[in-house]
Amino acid sequence: MSIIVAPTNWPKHKALCKAFKAVETKDANNLLAPYMFIDDDDETYVATDIDQVNKCIGAVIQTEMRALERELLRSLRMEERNLIGWEPHCLACGRSDAIFRIEASLRKRKPLSPGLKPCPDCLFTSYCCEEHWDAVKEKHKREPCRDGRDNLSQCDMNKLYLEDIRFAMVMSGANEGTFKWAPERTLRTWKSLRGIGWSDYSDDIEQDFGGLPGVSALLPNLARAATDGLSMPMTILWALENLNNDDSWTKKDTLNIHILGPAEKEILNANVFEEILHRLPLVKNLTLTLVGPELAGITGQKQTSNVMKTCPACTRSGRKRTFIYYPTTYHQYVSESGTNFVNPDLAVAFNSGCSQEYTDLWKESLVVLIKHRIPAVFTAFNQEEAEAEANIFRDVGATLHPQLGPRANPWGSCLAIPEPNKVTGFYAVNGWLAGGFR
């Protein structure tokens, strides 16, 4: 609930900073109220139910946002909303430094801590006092994290997160920008994705980067970073394999994929979609039609198309990859296409957020998907979003494929990011499959 800004930015942030200060004073009781329901011990204030702690923090954030909008007399902008909730919270009691400050000002109880401290190992998770740290540190350091992978603890997942940030900064500093990679090798035949995972790329990573001086130590970082972009084509292939009764789709001359609600990530990672051609050697044409209102600010207001450059092997074999852009909603696109509309082989929405934003518009598009019996799959950042979206799909009549959600995505990004507004939890790009249906 506190913001540090450079003096030169003060005119821009002045109103927001004053609003934060006013909220701490006027809404103190409302901000403290949720904590009354998670303190298991009136003496130690240690909460044993982490889910309750996370819900409590979420409730406090929502209260704060509403109060800030009241003070500002307007809705919060996206960058302002993103400021809220990222401050550290004690893993044992869920309190932040701001909450301790509010408690002290109201003199309801003696503050437990003069300031939060980070875990000495991961330097990320926080605690407010030694008593609270003693109550949670073994679980933090030893027990497998529910949202993690490979049975890693929250502490070890935090370390990987910080490693990945450092790697991204190194790549950015080397003028490489965000790391994007897909192997140029082409498989001789389609290879089922059942029973394999990201380790299947180990040989490709080694072949492309293993011989570079000084890079061998970074191979694990490279492998994790590569999954962030590759999760899109691999999720498409995984959905196609599960939504089709045989492998005839792998032998089509042209594969048509519709991408719903795309943003910059799909465009900036356009090259990684060639992995679909590399895994389907019999497919000669891959057409990706991107349909979504946000494209208007990226590609312009009109329909455009672009035949993308392919790798030398694809070029020699006559394989083509085409991107087509429609800056409109999917149901509008289908309606405007009229009798020219042809069902794609798959419609996919990456991290759509359809349970949180533009819900009504997404429902209209979902109805169209179901009406036309279009094979579709939606991904989400985390379990909570996936389950909420799955309920929406069922409500509009979709029958969900059991392998396509709601469940963890075997081809989700390995770059796990700590959840904001919570003391535990991680999310990832395409980390969960919200639902697949046809």
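Residues satisfying the salt bridge (charged side-chain N to carboxylate O under 4.0 Å, His left out) criterion with Lys252, sequence neighbours excluded, are Asp345. Here Lys26 pairs with Glu71 under the salt bridge (charged side-chain N to carboxylate O under 4.0 Å, His left out) rule; sequence neighbours left out. Under the salt bridge (charged side-chain N to carboxylate O under 4.0 Å, His left out) criterion, Glu143 pairs with no residue, sequence neighbours left out.
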Side chain to side chain contact (heavy atoms under 4.5 Å, CB included) between Arg321 and Phe323, worked out: CA-CA 7 Å; Arg321 179 167 52 94; Phe323 274 60; 3.6 Å; yes
Let's go through Glu357 and Trp362 carefully: what are the C-alpha distance in whole Å and the side-chain angles of both, what is the deciding distance for side chain to side chain contact (heavy atoms under 4.5 Å, CB included) to 0.1 Å, and is it a yes or a no? CA-CA 9 Å; Glu357 295 183 322; Trp362 274 112; over 6 Å; no
If you apply the rule salt bridge (charged side-chain N to carboxylate O under 4.0 Å, His left out), what do you find for Glu241 with Lys191, and how did you get there? CA-CA 10 Å; Glu241 181 169 12; Lys191 178 182 177 182; over 6 Å; no
List the steps and the verdict of side chain to side chain contact (heavy atoms under 4.5 Å, CB included) for Phe341 and Glu336. CA-CA 9 Å; Phe341 178 78; Glu336 292 171 1; over 6 Å; no
Mind running salt bridge (charged side-chain N to carboxylate O under 4.0 Å, His left out) on Arg394 and Glu389 for me, showing each step along the way? CA-CA 9 Å; Arg394 296 187 187 101; Glu389 291 175 18; over 6 Å; no
Is there a side chain to side chain contact (heavy atoms under 4.5 Å, CB included) between His140 and Cys155 once you walk through the steps? CA-CA 6 Å; His140 168 69; Cys155 191; 3.4 Å; yes
Audit row: Thr315, Thr310, side chain to side chain donor-acceptor pair (under 3.5 Å) steps and yes/no: CA-CA 6 Å; Thr315 300; Thr310 55; 2.9 Å; yes
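For Ala386 against Trp432, the heavy-atom pair with the smallest separation is CB-CB, 3.8 Å. The two residues Phe273 and Glu266 have their closest heavy-atom pair at CE1-O, 3.7 Å. Scanning both residues, Ile57 and Asn421, for their nearest heavy atoms gives CG2-O, 3.1 Å. What you find for Ile38 and Cys93 is that their closest heavy atoms are CD1-O, 3.5 Å. Closest approach of Cys311 to His278, counting heavy atoms only: SG-NE2, 3.3 Å. The minimum heavy-atom distance between Gln154 and Phe426, with the atom names listed, is O-CZ, 4.1 Å.
At distances below 3.5 Å, not a single donor-acceptor pair connects side-chain atoms of Asp156 with backbone N or O atoms of Leu152. Remark: the backbone N or O of Gly435 is not paired with any side-chain donor or acceptor of His401 at under 3.5 angstrom. The backbone N or O of Asp228 sits less than 3.5 Å from a side-chain atom of Ser231, completing a donor-acceptor pair. Here the side chain of Asn54 pairs a donor or acceptor atom with the backbone of Val423 at under 3.5 angstrom. Of the possible polar contacts, one joining the Asn351 side chain to the Asn430 backbone as a donor-acceptor pair under 3.5 Å is found. A donor-acceptor pair is defined here as one N or O able to donate and one able to accept, closer than 3.5 Å; no such pair exists between the side chain of Asn306 and the backbone of Met308. Formation of a donor-acceptor pair under 3.5 Å by the Asp246 side chain with backbone atoms of Ser248 is found in this model. Looking at Ser413, its side chain does come within 3.5 Å of a backbone N or O of Leu415 through a donor-acceptor pair. A donor-acceptor pair under 3.5 Å is absent between the side-chain atoms of Asp247 and the main chain of Thr250, judged by distance alone. Counting only distance, with no hydrogens or angles, the side chain of Asn343 and the backbone of His372 share a donor-acceptor pair below 3.5 Å.
Exactly one residue among Asn256, Asp253, Thr322 makes a side chain to side chain donor-acceptor pair (under 3.5 Å) with Asn285. That residue is Asp253. Remark: of the listed residues Gln62, Glu64, Arg70, Gln62 is the sole one forming a side-chain contact (heavy atoms from CB on, under 4.5 Å) with Arg66.
The pair Lys309-Glu274 does not meet the salt-bridge criterion, since no charged nitrogen lies less than 4.0 angstrom from a carboxylate oxygen. A salt bridge does not link Lys55 with Asp51: none of the charged nitrogens is closer than 4.0 Å to a carboxylate oxygen. Under the 4.0 Å criterion applied to side-chain N and carboxylate O atoms, Asp200 and Arg279 are assigned as salt-bridge partners. A salt bridge is defined here as a Lys NZ or Arg NE, NH1 or NH2 lying under 4.0 Å from an Asp or Glu carboxylate O, and Asp360 with Lys363 fails to meet this definition.
Side-chain contact between Val60 and Thr63: absent, with no pair of heavy atoms (C-beta onward) separated by less than 4.5 Å. Contact of the Val46 side chain with the His132 side chain is registered, since non-hydrogen atoms from C-beta on lie closer than 4.5 Å. Residues Leu361 and His331 have side chains in contact (heavy-atom distance under 4.5 Å, counting atoms from C-beta outward). Side-chain contact check for Leu91 versus Ser126: every heavy-atom pair is 4.5 Å or farther apart. Contact of the Tyr127 side chain with the Cys119 side chain is not registered, since no non-hydrogen atoms from C-beta on lie closer than 4.5 Å. The shortest side-chain heavy-atom distance between Ile392 and Leu366 falls under the 4.5 Å cut-off. Contact annotation: the side chain of Trp190 never approaches that of Lys251 to less than 4.5 Å [non-hydrogen atoms, C-beta and beyond]. Looking at heavy atoms from C-beta onward, Val291 lies out of side-chain contact with Leu260 at the 4.5 angstrom threshold.
Counted within 6.0 Å of CD on Glu264, heavy atoms from surrounding residues, nucleotides or ligands total 12 or fewer; the atom is thus considered open. Counting heavy atoms of neighbouring residues, nucleotides and ligands inside a 6.0 Å radius, atom CZ of Arg373 does not exceed 12 of them. Heavy atoms from other residues, nucleotides or ligands lying under 6.0 Å from CD of Glu384 number 12 at most. Shown here is Lys141, whose NZ atom has more than 12 heavy atoms of other residues, nucleotides or ligands within 6.0 Å. The 12-atom threshold is not exceeded at NZ of Lys139, counting heavy atoms of other residues, nucleotides or ligands nearer than 6.0 Å. In Arg185, the CZ atom is crowded: over 12 heavy atoms of neighbouring residues, nucleotides or ligands sit closer than 6.0 Å. Applying the 6.0 Å contact sphere to CD of Glu294 captures no more than 12 heavy atoms from other residues, nucleotides or ligands. Applying the 6.0 Å contact sphere to OH of Tyr358 captures no more than 12 heavy atoms from other residues, nucleotides or ligands.
With ring centers used as reference points, Tyr330 lies under 6.0 Å from His258.
Defined by atom type and a distance below 3.5 Å, a donor-acceptor pair is present between the side-chain atoms of Asn158 and Thr125. Neither side chain, Glu419 nor Tyr427, offers a donor N or O lying under 3.5 Å from an acceptor on the other. Asp208 and Trp181 share a donor-acceptor pair across their side chains, judged by distance under 3.5 Å alone. Inspection of the Thr329 and Gln332 side chains reveals an N or O donor paired with an N or O acceptor under 3.5 Å.
Ring-plane geometry between Tyr161 and Phe124 is classed as perpendicular, the angle between the planes exceeding 60 degrees on a 0 to 90 degree scale with a lower cut at 30. Relative orientation of the Phe179 and Phe167 rings is perpendicular, given thresholds of 30° and 60° on the angle between their planes.
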